[in-house]
Engineer: 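Sharing a structure here in structure tokens format.
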Amino acid sequence: MKRVRYIVLLIFCALALTTSEVCVNKVTAQPVAAPPVTAEQCLSTPPLSVVANPKAYLDKTIIMNAKFDKFSTLGLDYKPAFKSSEDYISFLIKRDDTTYDVPLSEMKLFIKREEAEKFIDLKTDDEISITGKVFSDALGDAWIDVSKLVLVKKAPEKDGVK
């Protein structure tokens with residue numbers, strides 16, 4: 001009698017599984033994408049505050065306004081905070097605490113190469129807005145994965161330079 005119950009239970013389970021939505025409609029589990037970060041969830045901060053205390057901003061999404069300096073390879077392929085030079089390019093912004101032309105090299109900013117190609121015409125001193133997540137504080141520096149870059153204002157043309 002137990003054997004019959006076991007066989008009936010087994011057949012019932014097999015029928016339930018083969019007629020479920022997963023089997024009938026070939027439904028598969030899909031990863032749920034993280035919702036996009038809204039401006040309210042970002043910390044608006046000056047770049048020098050992030051550089052002064054990168055640990056306080058670790059794993060947080062920040063928004064900063066800065067002056068673009070140049071595209072670079074600074075920090076790429078560094079193992080403790082790895083961003084591949086095949087997939088990313090880094091860029092530098094200018095320090096805003098001096099009148100001299102000094103890049104803020106203590107901040108490592110990484111942007112995907114496909115996204116960076118949209119900004120190939122950026123020039124030194126163009127005003128930009130950067131949204132990104134501080135993903136590491138390796139070497140005591142702020143390492144930021146840039147998710148959004150916006151040109152706010154073009155720099156004035158210098159004499160004889162376009």
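Since this is a predicted model, take the numbers as computed values, not measurements.
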Engineer: The test is side chain to side chain contact (heavy atoms under 4.5 Å, CB included); show your working for T61 and C42 and say whether it passes.
Structural biologist: CA-CA 5 Å; T61 301; C42 297; 3.5 Å; yes
Engineer: Which heavy-atom pair separates E127 from L151 by the least distance, and what is that distance?
Structural biologist: O-CD1, 3.5 Å
Engineer: Closest heavy-atom contact between I128 and L122?
Structural biologist: CG2-CD2, 4.1 Å
Engineer: Would you say F71 ends up clustered with M107 if hydrophobic residues are merged whenever their side chains have heavy atoms under 4.5 Å apart, either directly or through other cluster members?
Structural biologist: yes
Engineer: Identify which one of D125, T124, D126 satisfies the side chain to side chain contact (heavy atoms under 4.5 Å, CB included) criterion when paired with D69.
Structural biologist: T124
Engineer: Are I130 and I63 packed together at the side-chain level, in the sense that at least one heavy-atom pair is separated by less than 4.5 angstrom?
Structural biologist: no
Engineer: Is there side-chain contact between K148 and V146, with at least one heavy-atom pair below 4.5 Å?
Structural biologist: no
Engineer: Any non-hydrogen side-chain atom of L104 less than 4.5 Å from a side-chain atom of L92?
Structural biologist: no
Engineer: With a 4.5 Å cut-off on side-chain heavy-atom distances among I, L, V, M, F, W and Y, is there a chain of contacts connecting V51 to V134?
Structural biologist: yes
Engineer: Using every non-hydrogen atom in the two residues, find where A81 and A138 come nearest and quote the distance to one decimal.
Structural biologist: CB-CB, 4.2 Å
Engineer: Rounded to the nearest 0.5 Å, how far apart are CE of M64 and CG of L43?
Structural biologist: 11.5 Å
Engineer: Side chains of K123 and K154: does their closest heavy-atom pair fall under 4.5 Å?
Structural biologist: yes
Engineer: Going only through I, L, V, M, F, W and Y residues with side-chain contacts under 4.5 Å, is there a path from I144 to L139?
Structural biologist: no
Engineer: Test L74 against S105 for side chain to side chain contact (heavy atoms under 4.5 Å, CB included), laying out the working first.
Structural biologist: CA-CA 8 Å; L74 185 66; S105 59; 4.1 Å; yes
Engineer: Under a 4.5 Å side-chain heavy-atom rule over Ile, Leu, Val, Met, Phe, Trp and Tyr, are F119 and V150 clustered together?
Structural biologist: no
Engineer: Any heavy-atom pair between the side chains of K67 and I93 that's under 4.5 Å?
Structural biologist: no
Engineer: Which pair of non-hydrogen atoms, one from A116 and one from I111, has the smallest distance, and what is that distance?
Structural biologist: CB-CG2, 3.8 Å
Engineer: Could you walk me through whether S85 and T73 pass side chain to side chain contact (heavy atoms under 4.5 Å, CB included), step by step?
Structural biologist: CA-CA 7 Å; S85 58; T73 58; over 6 Å; no
Engineer: Which pairs pass ring-ring contact (aromatic ring centres under 6.0 Å, His included) with one or both residues in residues 73-94, sequence neighbours excluded?
Structural biologist: Y78-W143
Engineer: Which residues pass the salt bridge (charged side-chain N to carboxylate O under 4.0 Å, His left out) test with D77, sequence neighbours left out?
Structural biologist: none
Engineer: Flag the pair V50 / T45 as yes when at least one side-chain heavy-atom distance between them is below 4.5 Å, and no otherwise.
Structural biologist: yes
Engineer: Quick one: which residue pairs count as a salt bridge (charged side-chain N to carboxylate O under 4.0 Å, His left out) with a foot in residues 101-115, not counting sequence neighbours?
Structural biologist: K94-D101, R95-E106, K108-D141, E115-K118
Engineer: Which heavy-atom pair separates I89 from L76 by the least distance, and what is that distance?
Structural biologist: CA-CD1, 4.2 Å
Engineer: Check whether L58 and F110 end up in the same hydrophobic cluster, where Ile, Leu, Val, Met, Phe, Trp and Tyr are linked by side-chain heavy atoms less than 4.5 Å apart.
Structural biologist: no
